[in-house]
Amino acid sequence: MTAKLIKGTEIREVILEEVKSGVEQIKEKHGVVPGLVTILVGENPASISYVTLKIKTAERLGFKEIQDSQPEDISEEDLLALVDKYNKDDAINGILVQLPLPKHINEKKVLNAIDPDKDVDGFHPVNVGRLMIGGDEVKFPPCTPAGIQEMIVRTGVETSGAEVVVVGRSNIVGKPIANMMLQKGPGANSTVTVVHTRTKDLEGHCKRADILIVAAGVPGLVKPEWIKPGACVIDVGVNRVGEKISEKTGKKIAILKGDVDFDEAKEIAGSITPVPGGVGPMTVTMLMVNTLKSLKFKLGIA
Ligand code: NAP
C-alpha cells in the first residue's frame, strides 16, 4: 500500500487563500486589516529568515505588517516598553517576539508581557489555560499544533474515537496537540496517549495508534514496523542530517530528515506527511490564521 501524502505546501495555499479572502471582506465591511508586528532583537541569521518569511506572508495577505528590528544590546526594560507600546496600539492585532533573545534578557518575562489578546503564537499562560479548558475559551491555539490538527481534518481522517499517540511532551508541540485532540468537539474527541523518554513500551504504544504524531527530534526514531497499517502519520521532526548542493541555487543546503523512516513507512501508513514539505509550512500559515482571528475577536465577529 502507498500512503496518501499529506502535503503541507498544498494545504498552506488553500488556507492562505481563505485568510486572504477573509481580510478582503473585513476591509470592505469594516475598513480595517489585521496588523502584525514582529520584534527582532539582534542579527541571528536563522531568526532573520524566519521573520522575513512571516512578514512576506503577511504582506501577501494584505495585512499591515511591521518588522521592528532592535539592536542586540537593547535593555530588558526598553524591550518591555516596546511590547507595551504595541499592546496599546489599536492597529496591531498580533505581536511576535522572535526567539531566542540575547542572554541578558529574560525571555519568559518578555513573552508574558504580551497582551494575551494579541498573543497570536498562543504561548502566553493565559492562552495555554484557555486551550486546556477548550471550546469557546480557546483564542489562539499554538501554531504548529493547530497546523497538525488542520492537516488531519483536511485529509478527512476520522478523529472521533481514534487512538492518538503523541511522541514527545514539549510545551510547543507534544503537550498542546495532545490537549487539542482530546477536547470534546469536531476534529478532536480522540483517546490520547503521550509518550516520552521515560515511557516503558514506546513501540507497543505506537503500534496502537490510528493517528501517530511524532515530535521527538530524533531522526528515524519511529520504525516502519511500529506503524499500524492504514494509520495517519504526522511527522513533526525536522532533523539536519547532512548538507548538499541545491540544484536550484547551487548553494549548500541542509539535508532534512523526519522522526519517521519515511520511505518504508509510506508503504504501511494510510496517510503520511513528508519532511520537508509536511508540517513545516503549516506553522507560519496558522500564525496568519490567528492574526486574522485576533482582529475578528476585536470586531466581535469571530
Ligand atoms: P523538544 O522540546 O526537544 O521535545 C522533544 C520531546 O520528545 C521530549 O518530550 C522528549 O522526551 C521526547 N523524546 C526525545 N527523544 C525520545 C525518544 N528516544 N523516545 C521517546 N521520546 C523522546 O522538541 P520539540 O520542540 O517538541 O520539537 C520536536 C521536533 O519537531 C524537532 O525536530 C523540531 O525541530 C520539530 N519541530 C518542527 C516544527 C515545524 O515543522 N513547524 C515546529 C516545532 C518543532 P522527554 O520530555 O522525556 O525528554
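As the structure is a computational prediction, the values presented were derived from the model and not from experiment. In listed order, ligands and their atoms are each counted from 1.
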Would you say the side chain of Thr38 lies within less than 4.5 Å of the side chain of Ile66, judging by non-hydrogen atoms? no

For His124, is there any backbone N or O sitting under 3.5 Å from a side-chain donor or acceptor partner on Asp119? yes

Using a 4.0 angstrom limit on heavy atoms, which residues are close to ligand 1? Thr144, Gly168, Arg169, Ser170, Ile172, Val173, His196, Thr197, Leu202, Ala215, Ala216, Gly217, Val218, Leu221, Val236, Gly237, Val238, Asn239, Gly280, Thr283

Taking the basic N atoms (NZ, or NE/NH1/NH2) and the acidic carboxylate oxygens, is any pair closer than 4.0 Å for Glu13 and Arg60? yes

Check ion pair Arg154-Glu18 (N to O, under 4.0 angstrom): yes

Result of checking Thr283, Thr273, Ile177 against Ile148 for side-chain contact (heavy atoms from CB on, under 4.5 Å): Ile177

Could you tell me whether Asp89 and Lys85 make a salt bridge, using a distance below 4.0 angstrom between a side-chain N and a carboxylate O? no

